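Structure record follows, encoded as structure tokens.
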Protein chains: 2
Amino acid sequence: MSEGVEWAVHCCVVLTSVAAPVPAARLAELHQVSPTYLAKQLQALARAGLVFSVQGKSGGYVLSRPPAEITLLDVVEAIDGPEPAFVCTEIRQRGPMATPAEYCTTPCPISRAMAASESARRDALRSVTIAGLAEQVEAGSGAGTLNGVAAWLGSTGT
Amino acid sequence: MSEGVEWAVHCCVVLTSVAAPVPAARLAELHQVSPTYLAKQLQALARAGLVFSVQGKSGGYVLSRPPAEITLLDVVEAIDGPEPAFVCTEIRQRGPMATPAEYCTTPCPISRAMAASESARRDALRSVTIAGLAEQVEAGSGAGTLNGVAAWLGSTGT
DNA sequence: CATACTCGGACATGTTTTATCCGAGTATAG
DNA sequence: CTATACTCGGATAAAACATGTCCGAGTATG
Ligand code: SF4
Ligand code: SF4
């Protein structure tokens with residue numbers, strides 16, 4: 001999986017506690033990651049419609065929806081792409097013992113099993129929302145943690 | 001996911017119906033894929049202990065266990081590697097607002113959610129066995145299909 | 001014992017991921 | 001109103017990984 005998925009999820013979580021737009025460079029400084037590459041991931045989030053990007057002097061990124069309506073699956077698919085990991089090449093229709101086309105009306109057992117596992121993963125990711133993650137972070141790292149981060153994002157210090 | 005996973009699964013399924021070792025080149029001819037690259041995947045299966053490789057004049061590959069005891073997860077992990085797709089970089093412990101180490105005793109919500117989705121996928125793959133797949137192939141493509149393939153593998157024609 | 005055939009790991013190539021840069025555009029400040 | 005400073009956005013290199021290939025080590029055969 002893309003390394004950038006982790007960065008994007010963290011950005012979404014911290015964005016739950018801010019109202020003003022946050023520039024990509026500041027998010028990169030907070031996480032100590034490559035600013036330019038993080039910018040690329042945020043652009044992907046913007047393309048997917050998960051965040052709004054506002055340009056200009058005090059611009060940046062803001063969540064476009066309530067955090068409770070953004071699932072982990074949305075973020076993962078925005079970065080990693082929506083296409084499933086397993087793609088059937090229909091090799092059973094090639095070669096000397098090719099299965100005739102009349103038997104290929106329904107998906108074969110192998111691709112069915114792969115699709116089922118993919119579906120299970122997607123369901124698990126869909127059941128987790130950004131709001132839920134933020135809540136658990138507050139519970140685990142102490143209430144007010146996110147507000148502290150939000151304050152730092154708004155200020156100008158290091 | 002690796003393209004070779006599909007090839008490996010197909011090879012395992014057809015190997016359920018043969019007793020004598022089958023060379024990699026013949027399996028490649030059956031599926032019309034690159035013989036040398038398929039050989040690489042079969043080597044990975046051998047390393048993982050899923051198949052035995054016998055050398056010499058009439059050598060080849062044979063399943064090392066009853067098909068009912070080989071799960072789809074075994075094959076996928078043998079090719080794609082057993083390490084999970086999502087790896088936490090602990091970026092919350094870096095940067096100006098780093099979470100202190102004393103709060104990092106338990107896995108964070110994000111990595112927990114990712115691990116849960118990974119676990120769901122693995123469970124789905126584990127619940128499918130090669131024997132089950134072979135059975136469904138027989139049911140879907142007509143009984144005796146695998147025996148026909150086995151006969152072709154044992155002969156010398158194209 | 002010679003041989004022919006097999007696997008096994010070391011060696012190139014292509015493609016995706018990672019990382020970076022500079023130009024287009026906009027709200028701000030004067 | 002104008003100049004400016006700051007932002008995003010997509011086009012551009014570098015690196016890592018997956019893909020594809022090759023020849024030598026080893027073994028059952030005859
Ligand atoms: S048997 Fe299934 S997985 Fe294999 S090529 Fe056909 S549809 Fe794809
Ligand atoms: S917050 Fe979770 S996912 Fe992020 S770096 Fe820490 S442990 Fe990893």
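What you see is a predicted model; the values in this text were computed from it and never measured. Letters go in sequence order (proteins before strands), and every chain restarts at 1.
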Nearest-angstrom distance from the residue atom CD of Glu3(B) to P of dG14(C): 17 Å
side-chain contact (heavy atoms from CB on, under 4.5 Å) assessment of Val14(A) paired with Val22(A): CA-CA 10 Å; Val14(A) 301; Val22(A) 180; over 6 Å; no
Interatomic distance, Arg26(B) atom CZ to His31(B) atom NE2 [nearest 0.5 angstrom]: 12.5 Å
Candidate pair Cys11(A) and Val51(A), rule side-chain contact (heavy atoms from CB on, under 4.5 Å), full reasoning: CA-CA 11 Å; Cys11(A) 288; Val51(A) 299; over 6 Å; no
Nucleic acid contacts - residues 35-55 of chain B versus DNA chain D, non-hydrogen atoms under 4.0 Å: Thr36(B), Tyr37(B), Lys40(B), Gln55(B)
Touch class at under 4.0 angstrom, heavy-atom based, for Ala24(A) against every strand present: sugar-phosphate
Atom CD of Glu29(B): over 12 foreign heavy atoms under 6.0 Å: yes
Sugar-phosphate, base or nothing in reach of Gly4(A), heavy atoms under 4.0 Å: nothing
Whole angstrom value for the distance that separates C1' of dT19(D) from CG of Asp80(B): 13 Å
Any pair counted as ring pair (Phe, Tyr, Trp, His ring centres under 6.0 Å), so long as it reaches residues 35-67 of chain A, sequence neighbours left out: Trp7(A)-Tyr37(A)
Distance below 4.0 Å between Ser34(A) side-chain N/O and dT18(C) OP1 or OP2: no
From OG1 (Thr89(B)) to CZ (Arg94(B)), nearest 0.5 Å: 6.5 Å
Single-linkage hydrophobic cluster, 4.5 Å side-chain cutoff, Val62(A) and Leu30(A) together: no
Phosphate contact (dT6(C) OP1 or OP2) by Ser58(B) side-chain N/O below 4.0 Å: no
Nearest-Å distance for atom pair CD1/C1', residues Ile79(B) and dC17(D): 16 Å
Identified side chain to side chain contact (heavy atoms under 4.5 Å, CB included) partner of Leu45(B) from the options Ser64(B), Ser53(B), Cys12(B): Cys12(B)
Helix axis bend for the helix from dC1(C)-dG30(D) to dG30(C)-dC1(D) - C1'-based end axes, five pairs, 10° rounding: 10°
Pair Asp80(A)-Ser2(A), side-chain donor/acceptor within less than 3.5 Å: yes
Per Tyr61(B) side chain, nearest of listed nucleotides dT19(D), dC7(C), dG20(D): dC7(C)
